[in-house]
Amino acid sequence: MDNRIQTDLRSRPLMGIGTPAVGGHLYGLRSIGEEFQMDVPVSRLRTADGKFFTIRPPDVTERDRVQEERNAFAMAANAILEEEKARVARELHDDLAQSLTALKMDTIWVRDNAAIAPEAAVAKLTNMLETLDRTIGATRRIAADLRPLLLDDLGLVPAIEWLVGNFTQRCGVACKLSVDEELELQEPYATAVFRIVQESLANVAKHAGASEVAVVIDKVPRAVMLTVRDNGCGFVTAVPRKPQSLGLMGLRERAQLLGGSIAINSALGHGTLVEMYIPLPQSGVPE
Ligand SMILES: Nc1ncnc2c1ncn2[C@@H]1O[C@H](COP(=O)(O)OP(=O)(O)O)[C@@H](O)[C@H]1O
Ligand SMILES: [Mg+2]
């Protein structure tokens, strides 16, 4: 594509007469005759001496910083995904495949010896049952790591109640949950709400040193709102995040992917408030 342009100011969307007008954009012409809009706002000023066009090149520092942060996040998230796949592969190999191999060898032994050594065969079968129980446990654990099965098994509200109960049990911090028992959300909204509560509570457990936490989930017409507030140490949100800190960034990405937003309010000594707003579709199709 030829990016050299013939600067060609069109009188099209320029607005206002006499005073500097805002809202116009500069149009360029490619050498092949195509017109394209440039990201350069133009103002027009009419004076006694004629028309003047003022170009206000945008300051792209912030845009570039956000883009750089997004790229870094995408790379780090990808690395984590690969690491996670390697871990699951290792667990499948070490836990499941090895247990199944042992069970296969034991089964062969029982087949070949049950008639001649029935007592030893019963003892072997008892061991095999234990191995089977461990293997079932390992399978459940690996699957639960991959996806919050609780959500499928229990539904959103009981799954969140479980998260909150588990949080209090693990770190001894009281957590008040306010949610309509009847709340139901379809996917991917239910998983997003679950993951956001999960990460926010993990942050409280890890960083806040709080004595109280409150989780509120509200479904209003056409949107779901979620807040997680703690009374812990708080932090300075303006400080650039550590490269390995992906939790809050992940929350933001998750909400944005669903057309929503997240606000994180925190100040040293004044606790932290995570607020999320996600618009819900009318018909089941994400907006
Ligand atoms: N509830 C909280 N209370 C105090 N500090 C917090 C809280 N949540 C997040 N932080 C701060 O923000 C940083 C970034 O959080 P996050 O992106 O989740 O990464 P990580 O938890 O892996 O450090 C944390 O390291 C911590 O300093
Ligand atoms: Mg975190």
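On a predicted model such as this, the values are computed, not experimentally measured, just so you know. For ligands, and for the atoms within them, numbers begin at 1 and follow the listed sequence.
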Chemist: Minimum heavy-atom separation for V204 and A210, please, with both atom names.
Modeler: CG1-CB, 4.1 Å
Chemist: Closer than 4.0 Å to some heavy atom of E199 - which atoms of ligand 1 meet that?
Modeler: 18 (O)
Chemist: Ligand 1 versus D230, non-hydrogen atoms closer than 4.0 Å: side chain, backbone, both, neither?
Modeler: side chain
Chemist: Under 3.5 Å, side-chain donor or acceptor atoms of residues 167-175 against the rest of the protein: list the pairs with distances, not counting sequence neighbours.
Modeler:
{"unit_1": "T168", "atom_1": "OG1", "unit_2": "V164", "atom_2": "O", "d": "3.3"}
{"unit_1": "T168", "atom_1": "OG1", "unit_2": "V173", "atom_2": "O", "d": "3.0"}
{"unit_1": "R170", "atom_1": "NE", "unit_2": "N166", "atom_2": "OD1", "d": "3.1"}

Chemist: For residues 252-264, which residue pairs qualify under side-chain hydrogen bond (donor to acceptor under 3.5 Å, both in side chains), counting only residues two or more places apart or in two chains?
Modeler: R70-Q256
Chemist: Could you check whether R65 pairs with E62 (Lys NZ or Arg NE/NH1/NH2 to Asp/Glu carboxylate O, under 4.0 Å)?
Modeler: yes
Chemist: Everything protein-side that's N, O or S and under 2.8 Å from the Mg ion (ligand 2): list it, residue and atom.
Modeler: E199 OE2, N203 OD1
Chemist: Under a 4.0 Å heavy-atom limit, does L248 contact ligand 1 with its side chain, its backbone, both, or neither?
Modeler: both
Chemist: Can you figure out which of R229, M249, R252, H207 has its heavy atom closest to atom 21 (O) of ligand 1?
Modeler: H207
Chemist: Applying a strict under-4.5 Å side-chain criterion to I, L, V, M, F, W and Y, I'd like to know whether V224 and L273 cluster together.
Modeler: no
Chemist: Using a 4.0 Å cut-off to any heavy atom of N203, which atoms of ligand 1 qualify?
Modeler: 8 (N), 9 (C), 18 (O), 21 (O)
Chemist: Can you list the atoms of ligand 1 that are under 4.0 Å from a heavy atom of K206?
Modeler: 20 (P), 21 (O), 22 (O)
Chemist: With sequence neighbours excluded, what pairs up with K124 under the salt bridge (charged side-chain N to carboxylate O under 4.0 Å, His left out) test?
Modeler: D106
Chemist: Is any side-chain heavy atom of L226 closer than 4.5 Å to a side-chain heavy atom of V215?
Modeler: yes
Chemist: Give me the atom names and distance for the closest heavy-atom approach of G271 to S266.
Modeler: O-OG, 3.1 Å
Chemist: What are the two closest non-hydrogen atoms of E181 and V157, and how far apart are they?
Modeler: O-CG2, 3.9 Å
